[in-house]
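Notes follow the structure.
Both backbone and side-chain heavy atoms feed into the values below; hydrogens, waters and symmetry mates do not. Here the structure is a predicted model, which is why all the values come from computation and not from measurement.
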Amino acid sequence: LVTKAATALLAFSMMLSVASCSKGKSESKSNSGKKISDDTPWYDAEIFEVEQGLDKSKEAEYAFSRFVGSDDKYVILLTNGNYKMPDNIDWEHYNYADYSISVLSVIDRATKKTVNTIDLNKVLSGSEYAESARYINGKLTLIYSSYDEQTWDMSVKEKDIDIKTGNV
């Protein structure tokens, strides 16, 4: 009895899907929104001057930037990387933040220039690392990993940052 009911239900759902797909196309007005003409550009290419906030007195080993978010006023980028370490580094007194690149760049959409760079090494402790960030509706949130040296626990945390002052 259960098998017959399941078979009937499956057959009914198949007939329903076939019937809905075989509907003829109508020439009526579309319900999907405003119609876009064939010659409408689907992208806009603009060049922005991005200041990554790198220390000019140090040689960067590598740095990469990625898009965090944007709104009508700002575009935010996160740059991570490392400065080159000296050959004779003192590993006993080594500070990760001295060689870490972790900067948020705030670009004004109107002028297409960087208006603020936020050095995340000043916001985070030596056992924390910026993983990513998001900028939605004027709110900038930093997502970072935090390592507890006592328990060896790693956790992911978030901090909201003011894009104008860099304050948490």
Side-chain angles (χ1 to χ4, degrees), residues 29-168:
K29 188 176 174 183
S30 170
N31 292 327
S32 64
K34 182 179 146 187
K35 188 170 183 168
I36 299 172
S37 66
D38 290 343
D39 61 344
T40 302
W42 56 275
Y43 66 93
D44 184 15
E46 296 181 63
I47 296 175
F48 290 84
E49 285 187 34
V50 178
E51 177 61 40
Q52 293 177 311
L54 301 180
D55 185 347
K56 306 287 187 209
S57 67
K58 298 178 182 177
E59 181 183 351
E61 190 166 33
Y62 73 93
F64 62 94
S65 298
R66 60 189 149 187
F67 178 75
V68 169
S70 67
D71 60 12
D72 292 340
K73 290 184 176 182
Y74 302 107
V75 174
I76 313 292
L77 298 176
L78 172 63
T79 301
N80 287 72
N82 284 325
Y83 292 108
K84 194 169 188 167
M85 292 184 201
D87 293 333
N88 59 349
I89 191 165
D90 181 4
W91 290 103
E92 247 184 81
H93 299 96
Y94 163 78
N95 183 3
Y96 172 76
D98 291 343
Y99 302 99
S100 168
I101 299 169
S102 191
V103 179
L104 286 165
S105 299
V106 181
I107 300 113
D108 185 315
R109 284 188 90 120
T111 63
K112 297 176 184 45
K113 296 191 184 298
T114 304
V115 293
N116 193 13
T117 56
I118 302 166
D119 184 356
L120 296 175
N121 290 320
K122 295 178 181 174
V123 173
L124 300 173
S125 74
S127 61
E128 297 173 332
Y129 174 78
E131 296 287 347
S132 64
R134 68 177 169 267
Y135 179 67
I136 302 171
N137 298 326
K139 183 178 172 184
L140 177 61
T141 303
L142 173 67
I143 298 103
Y144 63 99
S145 293
S146 179
Y147 175 71
D148 186 335
E149 294 174 3
Q150 304 269 323
T151 63
W152 295 8
D153 286 337
M154 182 70 87
S155 56
V156 176
K157 299 179 180 181
E158 296 183 354
K159 289 183 183 185
D160 292 333
I161 298 177
D162 183 310
I163 61 172
K164 293 181 180 165
T165 65
N167 294 333
V168 175

Any side-chain to backbone donor/acceptor pair from Ser127 onto Tyr147? Under 3.5 Å, distance only. yes
Between Lys73 and Asp71, what is the shortest heavy-atom contact and its length? N-OD1, 2.9 Å
To the nearest 0.5 Å, atom CD of Glu158 lies from atom CD1 of Ile161 at 11.0 Å
Is a side-chain N or O of Asn167 found less than 3.5 angstrom from the main chain of Asp162, in a donor-acceptor match? no
Answer yes or no: are there more than 12 heavy-atom neighbours, outside Asp72 itself, under 6.0 Å from its atom CG? no
So do Tyr99 and Pro86 actually touch side chain to side chain, heavy atoms under 4.5 Å? yes
Compare every heavy atom of Lys139 with every heavy atom of Asp160, then report the nearest pair and how far apart it is. OD2-CE, 3.0 Å
If you take all heavy atoms of Thr117 and Thr114, which pair is closest and at what distance? CG2-CG2, 3.8 Å
Rounded to the nearest 0.5 Å, the OG atom of Ser105 sits from the CG atom of Asn116 at a distance of 9.0 Å
Rounded distance (nearest 0.5 Å) linking atom CD1 of Ile76 with atom CG of Leu104: 7.5 Å
Below 4.5 Å, heavy atoms only, C-beta onward: do Val103 and Gln52 meet side chain to side chain? no
Taking the inter-plane angle between the rings of Tyr94 and Trp91 on a 0 to 90° scale, is it parallel (under 30°), tilted (30 to 60°) or perpendicular (over 60°)? tilted
How long is the span from the CD1 atom in Ile101 to the NZ atom in Lys58, to the nearest 0.5 Å? 9.0 Å
Any chance you could measure Lys159, atom NZ, to Thr141, atom OG1, to the nearest 0.5 Å? 12.5 Å
A side-chain contact here means heavy atoms from C-beta on lying under 4.5 Å apart; do Tyr144 and Leu120 qualify? no
Check whether any side-chain heavy atom of Thr79 sits under 4.5 Å from a side-chain heavy atom of Val50, and report yes or no. no
Under-4.0 Å salt bridge between Glu131 and Arg66: no
Minimum heavy-atom distance between Ala133 and Leu140, given as atom pair plus value: CB-CD1, 4.4 Å
Gap between atom CG of Leu77 and atom CZ of Phe64 - 0.5 Å precision: 12.5 Å
Nearest atoms (heavy-atom pairs only) where Ala130 meets Leu142: CB-CD1, 3.8 Å
Heavy atoms, side chains only, cut-off 4.5 Å: are Val168 and Val123 in contact? yes
Please check: side-chain N/O of Tyr135 versus main-chain N/O of Tyr74, any donor-acceptor pairing under 3.5 Å? no
Between Val75 and Phe67, is there a side-chain heavy-atom distance shorter than 4.5 Å? yes
Between Asp119 and Gly53 (side chain of the first, backbone of the second, donor and acceptor by atom type, cut-off under 3.5 Å), is there such a pair? no
Exam field: side chain Ser102 to backbone Asn121, donor-acceptor pair closer than 3.5 Å: no
